[in-house]
Number of protein chains: 2
Amino acid sequence: MAKDAQHPDLEDIELTTVLSALADPVRLGLVRLLSDGVERQWGELDAPVAKSTLSHHLKVLRSAGVTRTREEGTRCYVRLRSDELDDRFPGLLSSLLAVDGHGATPIGIKGA
Amino acid sequence: MAKDAQHPDLEDIELTTVLSALADPVRLGLVRLLSDGVERQWGELDAPVAKSTLSHHLKVLRSAGVTRTREEGTRCYVRLRSDELDDRFPGLLSSLLAVDGHGATPIGIKGA
DNA sequence: TTCGATGTTCGACGAACATCGAATAAGATG
DNA sequence: CATCTTATTCGATGTTCGTCGAACATCGAA
């Protein structure tokens, strides 16, 4: 699963790439959910999209260096690359999370 | 010219809208150029795109509340809405401008 | 090994987008 | 008025993007 889960070096990521990744409501919602630093399993994520779509979004986030994926058996866990992001783009993440009236799709946790 | 140059209230602008607007290399380049606070005339902007395309990009930025357009005769001037942006999205603009290794298209000033 | 759970990949679709050139509008200037 | 400059809009084109369902791959468990 997730064969070539590539995690790019943040130094190779351009600002426009990250901005594109975060410009989507669903992806921004995912980032906000993950912003507490807790690692989540895919199945936990309660997003109003099909599985394949969710998989796609998580792939985009991963490719943009925003998230990190860990595989354990058949399950995958995601978490934010907060520290690395803040190192590469100082202040960006925190300023994004501080905004309210963001157009992010609210993402929940199943069974919560 | 620029008949209904609408400048939305920043309070009505969502974060995703701004991120989308800034995710384009040309538009990010324009914002960086304008970040010195100087008001520029369209003709001054030396971007590697056709005039109609430039007009389009400036319209997107204006619709996203990022820039403000002033008309004077047949000429139009643009400037960043820096203060208002920082009020609505604290720290966002400055963190974006601080990044180097941004994928922004370099925009110049004609005759410079 | 067969089954179930979990993600991924693969077309496919429509919508949105970036881009251009040409046509247009409107003020400035001769 | 005729014309030039400046910017907008229109129509067209090709691309990218978000989305879905279906098929596939992989691991764990019965």
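By convention in this document, chain letters (A, B, ...) are assigned in the order of the sequence lines, proteins followed by strands, and residues within each chain are numbered from 1.
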Quickly work out the B:Arg75 CZ to D:dT8 P distance and round it to whole Å.
14 Å
Any strand counts, and the cut-off is 3.5 Å on both contacts for Watson-Crick or G-U wobble. Which nucleotide pairs with C:dA26?
D:dT5
Name every donor-acceptor pair, under 3.5 Å, that has one atom in a side chain of residues 40-53 of chain B and the other anywhere in the protein, sequence neighbours excluded.
residue: B:Arg40; atom: NH2; partner: B:Asp36; partner atom: OD2; Å: 3.3
residue: B:Trp42; atom: NE1; partner: B:Cys76; partner atom: O; Å: 3.1
residue: B:Glu44; atom: OE1; partner: B:Gln41; partner atom: N; Å: 2.7

Is D:dG28 paired to anything, Watson-Crick or G-U wobble with both distances less than 3.5 Å, and if yes, which nucleotide?
C:dC3
side-chain contact (heavy atoms from CB on, under 4.5 Å) partner of B:Thr69, the single match among B:Arg79, B:Gln6, B:Arg62
B:Arg62
B:Leu34-B:Leu61 co-clustered via ILVMFWY side chain contacts under 4.5 Å
yes
N/O-N/O pairs, protein side and nucleotides 13-18 of chain D side, under 3.5 Å:
residue: D:dG18; atom: OP1; partner: A:Arg27; partner atom: NH2; Å: 2.9
residue: D:dG18; atom: OP2; partner: A:Arg27; partner atom: NH1; Å: 3.4

Tell me the interatomic distance from B:Lys51, atom NZ, to C:dA23, atom P, rounded to whole angstroms.
17 Å
Side-chain heavy atoms under 4.5 angstrom apart, residues restricted to Ile, Leu, Val, Met, Phe, Trp, Tyr: same cluster for B:Leu97 and B:Leu15?
yes
When rounded to whole Å, the OH to P distance for the pair B:Tyr77 and D:dT8 reads 13 Å
Which whole-number value in Å describes the distance from B:Lys110 NZ to D:dA7 C1'?
12 Å
Return yes if some donor-acceptor pair links the side-chain N/O of B:Asp86 with the main-chain N/O of B:Leu92 below 3.5 Å, else return no.
no
Spacing of B:Ile109 atom CD1 and B:Leu33 atom CG [to the nearest 0.5 Å]
4.5 Å
From CG of A:Leu54 across to C1' of D:dG21 the rounded distance in Å is 15 Å
Looking only at heavy atoms, which two atoms of A:Leu30 and A:Leu58 are closest? And how far apart?
CD1-CD2, 4.1 Å
Indicate, yes or no, whether a donor-acceptor pair under 3.5 Å links the base of D:dG28 to the side chain of A:Thr74.
no
What distance separates A:Lys59 NZ from A:Arg27 CZ, expressed to the nearest 0.5 Å?
12.5 Å
May I ask you to test the B:Leu10-B:Asp87 pair for a side-chain heavy-atom distance under 4.5 Å?
no
Check DNA chain D against residues 32-50 of chain A and give the residues with a non-hydrogen atom under 4.0 Å, in numerical order.
A:Val49, A:Ala50
